[in-house]
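Keep in mind that the numbers below use all heavy atoms, side chains included, and drop hydrogens, waters and symmetry copies.
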Amino acid sequence: MENRILDEVPKPVESHLNMIQNVIQRMSVNSTSCKTWCITLVSALLVLVKGDTNSNYIFISIIPIILFLTLDTYYLGLEKRFINSHNTFIRKIHTNALEVSDLFAIIPTGSSSKFFFKSLMSFSVWPFYTTLTTMVVIAKFLLK
């Protein structure tokens, strides 16, 4: 069998790749939105608590941090699973193993829990939320 570069990518294959890439981009945007909303919500809670006499209410800010950490990690894990699916599809193209049933089946591959916990340790997740939590704890001691 002859190895050659495709002169032209068939339209269905190109459409399938564009769909997967759009899904990956949406997951990335969702992850960024989680961080943006988390900062906004935590900042608003800190401003509200600043005027209160009981500074222990500041720890309410930890709740959205945990929720957005979980959501952000989920989106990052899902993004990685779709990238895995994309790479599998490309590999099938290169090995001539692509079948018609592979087209337009946009299904993330890999274990959800494996990618979730892998994403939890990602450099784009833990430093951000750890820093934000540290800032809330520091704010607690500054408000005394």
Colleague: Assigning hydrophobic clusters by single linkage (Ile, Leu, Val, Met, Phe, Trp, Tyr; side-chain heavy-atom cutoff under 4.5 Å), is Leu67 placed with Trp126?
Modeller: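 No, Leu67 and Trp126 fall in different hydrophobic clusters.
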Colleague: Could you please spell out the steps behind the side chain to side chain contact (heavy atoms under 4.5 Å, CB included) verdict for Asp72 and Trp37?
Modeller: CA-CA 11 Å; Asp72 190 7; Trp37 276 103; over 6 Å; no
Colleague: Show your working on side chain to side chain contact (heavy atoms under 4.5 Å, CB included) between Ile107 and Phe82 and close with a plain yes or no.
Modeller: CA-CA 7 Å; Ile107 301 168; Phe82 277 112; over 6 Å; no
Colleague: Just by distance, with hydrogens left out, do Arg81 and Thr109 show a side-chain donor and acceptor under 3.5 Å apart?
Modeller: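 Looking only at side-chain atoms, Thr109 and Arg81 do not form any donor-acceptor pair under 3.5 Å.
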Colleague: Apply the test side chain to side chain contact (heavy atoms under 4.5 Å, CB included) to residues Tyr57 and Leu48: give CA-CA distance (whole Å), side-chain angles for both, the deciding distance (0.1 Å), then the verdict.
Modeller: CA-CA 9 Å; Tyr57 288 139; Leu48 287 173; over 6 Å; no
Colleague: For Gly77, is there any backbone N or O sitting under 3.5 Å from a side-chain donor or acceptor partner on Ser119?
Modeller: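 Checking the backbone N and O of Gly77 against the side chain of Ser119, a donor-acceptor pair under 3.5 Å is found.
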Colleague: Which atoms form the tightest heavy-atom contact between Phe104 and Ser15, and what is the distance?
Modeller: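 That would be CE2-CB, 3.9 Å.
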Colleague: Side-chain heavy atoms nearer than 4.5 Å, only ILVMFWY residues, links allowed to pass through others: does that put Met19 and Val13 together?
Modeller: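 Yes.
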Colleague: Give the cluster check for Leu41 versus Val49: same hydrophobic cluster or not, with ILVMFWY residues linked at side-chain heavy-atom distances below 4.5 Å.
Modeller: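 Linked within one cluster.
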Colleague: Looking at Pro64 and Cys38, what are the two nearest heavy atoms and their distance?
Modeller: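 Heavy-atom minimum between the residues: O-SG, 4.1 Å.
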Colleague: Shortest non-hydrogen contact from Ser61 to Val42?
Modeller: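 Between these two residues, the closest heavy atoms are O-CG2, 3.8 Å.
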Colleague: Return the CZ to CG distance between Arg91 and Leu98, rounded to the nearest 0.5 Å.
Modeller: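 Interatomic distance, Arg91 CZ to Leu98 CG, rounded to 0.5 Å: 13.0 Å.
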Colleague: Kindly work out whether a path of hydrophobic side-chain contacts (I/L/V/M/F/W/Y, heavy atoms less than 4.5 Å apart) joins Phe141 to Ile60.
Modeller: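 In one cluster with Phe141: Ile60, yes.
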Colleague: Between Ser122 (side chain) and Lys118 (backbone), is there a donor-acceptor pair under 3.5 Å?
Modeller: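 Not confirmed, Ser122 side chain does not pair with Lys118 backbone.
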Colleague: Going from CZ on Phe68 to OG1 on Thr36, what distance comes out if it is rounded to the nearest 0.5 angstrom?
Modeller: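 Output value for this atom pair is 9.5 Å.
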Colleague: Does Leu76 share a hydrophobic cluster with Ile66, counting links as ILVMFWY side-chain heavy atoms below 4.5 Å and allowing steps through other members?
Modeller: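 They do share one cluster, since a chain of ILVMFWY contacts under 4.5 Å joins Leu76 to Ile66.
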Colleague: Using modelled atom types only, decide if a donor and an acceptor are shared between the side chain of Asn22 and the backbone of Asn18 within a distance under 3.5 Å.
Modeller: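 Judged by distance alone, yes, a pair lies under 3.5 Å.
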Colleague: Check whether any side-chain N or O of Asp102 sits under 3.5 Å from a backbone N or O of Glu99 as a donor-acceptor pair, and report yes or no.
Modeller: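 It does hold such a pair.
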Colleague: Kindly give the heavy-atom pair with the smallest separation between Ile65 and Tyr129, and that separation in Å.
Modeller: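 Scanning both residues completely, I find the closest heavy atoms to be O-CD2, 3.9 Å.
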Colleague: Does the side chain of Leu132 come within less than 4.5 Å of Leu69's, by heavy atoms?
Modeller: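 Answer no - side chains too far apart.
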Colleague: Rounded to the nearest 0.5 Å, what's the gap from CD1 on Ile106 to CD1 on Ile24? Could you check?
Modeller: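 Nearest 0.5 Å value for the CD1-CD1 distance: 9.5 Å.
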Colleague: Do the side chains of Leu103 and Phe89 get nearer than 4.5 Å, heavy atoms only?
Modeller: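 A side-chain contact under 4.5 Å exists here.
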Colleague: Quick check: do Leu17 and Ile90 have side-chain heavy atoms less than 4.5 Å from each other?
Modeller: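 SC-SC contact between Leu17 and Ile90 confirmed.
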Colleague: What I'd like to find out is whether the side chain of Phe116 reaches to under 4.5 Å of the side chain of Leu78, using heavy atoms alone.
Modeller: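 No, too far: nothing below the 4.5 Å cut-off.
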Colleague: In Å, rounded to the nearest 0.5 Å, how long is the span from CD of Glu79 to OH of Tyr74?
Modeller: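 Glu79 atom CD to Tyr74 atom OH measures 12.5 Å (nearest 0.5 Å).
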Colleague: Any chance you could measure Arg26, atom CZ, to Ser31, atom OG, to the nearest 0.5 Å?
Modeller: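 Rounded to the nearest 0.5 Å, the CZ-OG separation comes out at 14.5 Å.
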Colleague: Using a 3.5 Å distance criterion without hydrogens, assess whether the side chain of Lys35 forms a donor-acceptor pair with backbone atoms of Val125.
Modeller: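 Pair absent, no side-chain N/O of Lys35 close to backbone of Val125.
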Colleague: With rounding to the nearest 0.5 Å, note down the distance linking CD in Gln21 to CD1 in Ile83.
Modeller: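 If I round to the nearest 0.5 Å, the distance is 10.5 Å.
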Colleague: Tell me, with the steps shown, if Lys11 and Glu14 meet side chain to side chain contact (heavy atoms under 4.5 Å, CB included).
Modeller: CA-CA 5 Å; Lys11 197 68 169 164; Glu14 183 181 349; 4.2 Å; yes
Colleague: Please check this pair: side chain of His86 against backbone of Ile20, looking for a donor-acceptor N/O pair closer than 3.5 Å.
Modeller: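 Flag not set: sc His86 to bb Ile20 has no pair under 3.5 Å.
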